[in-house]
Amino acid sequence: MGVEPVLRFEPAEERAKGLPLQQETDKESGLLVWSVLVIDQAAERKADAVVTVKIAAPHQPVPPEAIPGTDVRPVVFEGLTLTPWVDDKACRSGGPGERHRCRAKLAYSLRAAGMKPVVAKAAPKAA
């Protein structure tokens with residue numbers, strides 16, 4: 001759907017200084033990090049259909065052209081990795097005398113080395 005730069009987190013004190021926002025860089029390669037918003041049309045649940053894949057690259061990756069007559073831009077992610085993590089934002093400790101309410105869930109971070117357009121294979125010719 002789109003590609004945007006991932007901005008580095010700035011504490012409120014730093015933002016108050018009015019300095020320009022900095023783009024996040026990959027810890028290993030030092031390359032700029034880009035966020036690619038993707039719709040998984042094969043997702044079983046609507047809530048799982050939109051995912052973000054991060055790509056470290058020196059320049060903004062460009063999605064392929066859309067299929068004529070649609071907004072669909074099929075891509076292949078190269079070197080795709082999935083890192084699980086615990087999303088505990090919904091986890092709340094109970095007050096004195098209350099039970100702990102943990103609604104933590106397993107989440108995933110997706111990273112790729114790059115993206116390229118899907119290449120359709122030609123149908124075999126009839127003999």
Side-chain angles (χ1 to χ4, degrees):
M1 289 183 60
V3 180
E4 296 181 355
V6 175
L7 299 178
R8 185 178 297 151
F9 173 77
E10 297 286 340
E13 301 85 37
E14 293 296 318
R15 287 193 310 264
K17 293 178 183 176
L19 299 173
L21 295 174
Q22 298 290 318
Q23 187 169 353
E24 186 74 37
T25 55
D26 183 70
K27 293 174 184 149
E28 294 178 14
S29 67
L31 296 172
L32 298 172
V33 179
W34 304 90
S35 175
V36 181
L37 189 61
V38 180
I39 295 179
D40 179 3
Q41 293 184 340
E44 292 180 14
R45 295 181 339 147
K46 201 175 199 177
D48 298 333
V50 178
V51 295
T52 301
V53 179
K54 292 182 181 175
I55 297 176
H59 305 287
Q60 182 173 353
V62 178
E65 292 296 319
I67 295 173
T70 72
D71 291 334
V72 178
R73 299 171 182 258
V75 298
V76 173
F77 287 102
E78 301 172 303
L80 185 66
T81 60
L82 181 134
T83 304
W85 59 283
V86 176
D87 181 357
D88 61 358
K89 288 182 277 193
C91 193
R92 304 278 185 250
S93 61
E98 291 182 13
R99 225 178 79 211
H100 176 81
R101 293 179 170 253
C102 188
R103 290 189 172 83
K105 64 180 182 176
L106 184 61
Y108 302 95
S109 173
L110 298 166
R111 290 186 77 90
M115 72 175 169
K116 63 181 182 179
V118 172
V119 179
K121 295 181 181 179
K125 295 181 181 181

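All of these numbers come straight from a predicted model, not from anything done at the bench.
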Novice: State the CZ-CD distance between Phe9 and Gln22, to the nearest 0.5 angstrom.
Specialist: 14.5 Å

Novice: Just how far is it from atom CG of Leu7 to atom OG of Ser35, taken to the nearest 0.5 Å?
Specialist: 10.0 Å

Novice: Work out which heavy atom in Leu32 is nearest to a heavy atom in Pro58; give both atom names and the distance.
Specialist: CD1-O, 3.7 Å

Novice: Going through the checks in order, is the side chain to side chain contact (heavy atoms under 4.5 Å, CB included) test met by Val38 and Thr52?
Specialist: CA-CA 6 Å; Val38 180; Thr52 301; over 6 Å; no

Novice: Within the supplied structure, the quantity of interest is the number of heavy atoms (other residues, nucleotides, ligands) at a distance under 6.0 Å from Gln60 CD; does it exceed 12?
Specialist: yes

Novice: State which residue, out of Val33, Asp26, Leu110, fulfils the side chain to side chain contact (heavy atoms under 4.5 Å, CB included) condition with Lys54.
Specialist: Val33

Novice: In terms of hydrophobic clusters joined by side-chain contacts under 4.5 Å, are Val3 and Val51 together?
Specialist: yes

Novice: Same hydrophobic cluster for Leu82 and Trp34, using side-chain heavy-atom links shorter than 4.5 Å among ILVMFWY?
Specialist: yes

Novice: Which heavy atom of Arg8 sits nearest to which heavy atom of Glu24, and what is that distance?
Specialist: CA-OE1, 3.4 Å

Novice: Taking all heavy atoms of Arg73 and all of Pro64, pick out the closest pair and write down the distance.
Specialist: NH1-O, 2.8 Å

Novice: Roughly how far apart are Arg111 CZ and Phe77 CZ, rounded to 0.5 Å?
Specialist: 13.0 Å

Novice: Which value, rounded to the nearest 0.5 Å, describes the distance between Asp88 atom CG and Leu106 atom CG?
Specialist: 12.0 Å

Novice: How long is the straight-line distance from CG of Leu80 back to CE of Met115, given to the nearest 0.5 Å?
Specialist: 12.5 Å

Novice: Please say yes or no: joined through hydrophobic side-chain contacts below 4.5 Å, possibly via intermediate residues, are Ile55 and Val75 part of one cluster?
Specialist: yes

Novice: Is the shortest side-chain heavy-atom distance between Pro117 and Val76 below 4.5 Å?
Specialist: no

